Amino acid sequence: MNIRGDYAASEPHATATVAVVTPPPVAPHDSATSWGAIFAGAAAAAALSLVLLILGVGLGLSSVSPWSYEGVSAEAFGWSSIAWLTFTAIAASGLGGYLAGRLRNKWSNLHGDETYFRDTAHGFLSWSVATLLTAGLLTTAIGGVLGAGAKVAGATAGAAATTAGGLAATAGPAAMGGDNGDLQYWVDGLFRANPNAPAAPAAPMGPPPAPVAGAAPPVPQAGTAALPPRPMPVADRGPGPGPGRGDVRGEVNRIVVNSLKGDAMDPADTQYLAQLVANQTGMSQAEAQARVTDMQTRLRASLEKAKNDAKQAADDARKATAYAALWLFITLLIGAFSASLFATWGGRRRDL
């Protein structure tokens with residue numbers, strides 16, 4: 001008990017301190033791929049490619065002409081087409097890559113090399129999608145560019161291999177008596193009139209005088225030989241068992257077509273044709289034989305020239321197709337590089 005009435009000082013009491021720990025804010029997860037930006041760049045690249053290709057077709061068609069000595073040459077047209085395709089690849093792919101890099105999400109806390117790699121990947125993906133989209137839109141055109149040469153080459157190569165057979169097939173209607181067919185020209189040449197044959201004397205006007213009864217037949221003058229009667233053409237003969245003109249020419253067609261299967265005409269066929277030509281034209285047997293031989297030589301030379309022309313056309317088509325495929329490959333690589341490069345530029349502007 002406190003008698004003095006004063007109070008002793010109270011002892012201090014300890015107080016507890018509570019520390020509140022708050023976790024640091026978690027940065028949102030940044031996606032490494034911005035597909036929206038990639039598809040936007042691809043759509044822009046595909047649209048610009050289509051516009052530039054249409055413009056190139058218009059400019060190309062306006063620079064050529066089927067008339068002689070008009071328009072650019074084939075070599076100039078080819079190089080200008082390559083230059084335009086290269087420009088189209090750079091412009092369209094560059095636009096698509098730049099948009100893909102500029103429209104992507106902004107990445108934080110990334111190393112510079114990682115950012116550069118992601119921007120390059122965005123540009124390449126944008127080019128890939130644009131290429132597939134353009135190929136889908138221009139399937140017919142690309143198939144025509146790449147497949148036209150192969151189709152022409154195959155067709156011309158087949159024509160070169162079957163020229164003789166095609167000629168025989170064409171000569172089939174002519175052999176049946178028609179007037180069509182390439183072989184008919186050579187058969188007509190066999191039966192042309194001999195320009196060196198002496199002209200027949202003009203027949204006197206009116207009926208011939210009646211022979212006098214008891215008069216001796218006229219004797220040819222000394223030193224002159226009586227002319228043999230000129231053979232009558234088969235077509236002018238009267239009805240009888242002999243063949244007509246159409247049958248003779250059909251037989252000649254079949255003989256010539258059969259001779260094309262070998263290296264030369266059979267000697268018996270050659271002699272027979274010479275006899276037919278001599279009977280039809282009034283030529284001698286030697287002259288007819290020379291005409292048949294000359295026809296065979298010129299016909300085989302014409303066939304050989306046609307085969308060589310077909311082979312040359314096939315080789316030209318093959319070269320054109322190969323060059324087109326190689327340059328298309330190069331332009332696609334240039335487009336991929338342009339899209340990746342422009343995407344890094346666009347991403348750098350995005351991070352400013």
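Here the structure is a predicted model, which is why all the values come from computation and not from measurement. Positions are given from 1, in the same order as the sequence printed here.
For A288 against A274, the heavy-atom pair with the smallest separation is CB-O, 3.1 Å. A pairwise comparison of heavy atoms in F191 and V252 identifies CZ-CG2, 3.7 Å as the closest pair. Summarising the geometry of L59 relative to S62, their closest heavy-atom pair is O-OG, 2.8 Å, with the distance given to 0.1 Å. Smallest separation of non-hydrogen atoms from S259 and R300: O-NH2, 2.6 Å. Contact record, A76 with V72: CB-CB, 4.3 Å, taken as the closest heavy-atom pair. Considering all non-hydrogen atoms of both residues, W186 and S302 come closest at CZ2-CB, 3.9 Å.
When the side-chain contact (heavy atoms from CB on, under 4.5 Å) test is applied to F39, the partners found at least two apart in sequence or on another chain are W35, V129.
Side chains of R350 and D119 form no contact here, defined as non-hydrogen atoms less than 4.5 Å apart. Put simply, the side chain of M265 reaches to within 4.5 Å of the side chain of L273, judged on heavy atoms. Between V292 and L190 the shortest side-chain heavy-atom distance falls below 4.5 Å. Residues I82 and Y323 fail the side-chain proximity criterion, which asks for heavy atoms closer than 4.5 Å. Within the 4.5 Å cutoff, no side-chain heavy atoms of S340 are placed close to those of W127. In this structure, the side chains of R291 and T281 come closer than 4.5 Å at one or more pairs of heavy atoms.
Side chains of Q275 and N279: no donor on one and acceptor on the other come within 3.5 Å. Donor-acceptor pairing under 3.5 Å is recorded for the side chains of Q184 and D188.
Expressed to the nearest 0.5 Å, how far CG of N253 lies from CD of E251 amounts to 10.0 Å. Atom CD of Q280 sits about 7.5 Å away from atom CG of L276, to the nearest 0.5 Å. We find the CD1-CG distance between I330 and L85 to be 11.5 Å, quoted to the nearest 0.5 Å. In this structure, the separation between OG on S128 and CG on L133 is 12.5 Å, given to the nearest 0.5 Å. Here CZ of F342 is found 11.5 Å from CG of L99. Values are rounded to the nearest 0.5 Å. Note that NZ of K307 and NZ of K305 are 14.5 Å apart. Values are rounded to the nearest 0.5 Å.
Following chains of ILVMFWY side-chain contacts shorter than 4.5 Å, one cannot reach L341 starting from I38, and the two form parts of different hydrophobic clusters. Cluster annotation: L125 is not connected to L332 through the hydrophobic network of ILVMFWY side chains, with a link wherever side-chain heavy atoms come within less than 4.5 Å. F87 and L53 fall into different hydrophobic clusters, where Ile, Leu, Val, Met, Phe, Trp and Tyr side chains are chained together by heavy-atom contacts under 4.5 Å. L328 and W84 are members of different hydrophobic clusters when ILVMFWY side chains are connected at heavy-atom separations under 4.5 Å. Hydrophobic clustering (ILVMFWY, side-chain heavy atoms < 4.5 Å, transitive): V57 and W79 are in distinct clusters.
Summarising the local packing, CZ of R349 is surrounded by 12 or fewer heavy atoms from other residues, nucleotides or ligands at distances under 6.0 Å.
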T134 and L50: CA distance, side-chain angles, deciding distance, side chain to side chain contact (heavy atoms under 4.5 Å, CB included) verdict: CA-CA 7 Å; T134 305; L50 182 62; over 6 Å; no
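Using a distance-only test at 3.5 Å, with no hydrogens or angles considered, a donor-acceptor pair links the side chain of H122 to the main chain of S34. The backbone N or O of G97 lies less than 3.5 Å from no partner atom in the side chain of W345, so there is not a single donor-acceptor pair. For S93 (side chain) and S338 (main-chain N/O), no donor-acceptor pair under 3.5 Å exists by modelled atom type.
Classification of R118 and E114 as a salt-bridged pair holds, one side-chain N sitting under 4.0 Å from a carboxylate O. A salt bridge links R318 to D315: one of the charged nitrogens lies within less than 4.0 Å of a carboxylate oxygen.
If you run side-chain hydrogen bond (donor to acceptor under 3.5 Å, both in side chains) between Q312 and each of D316, N308, D309, only D316 comes through.
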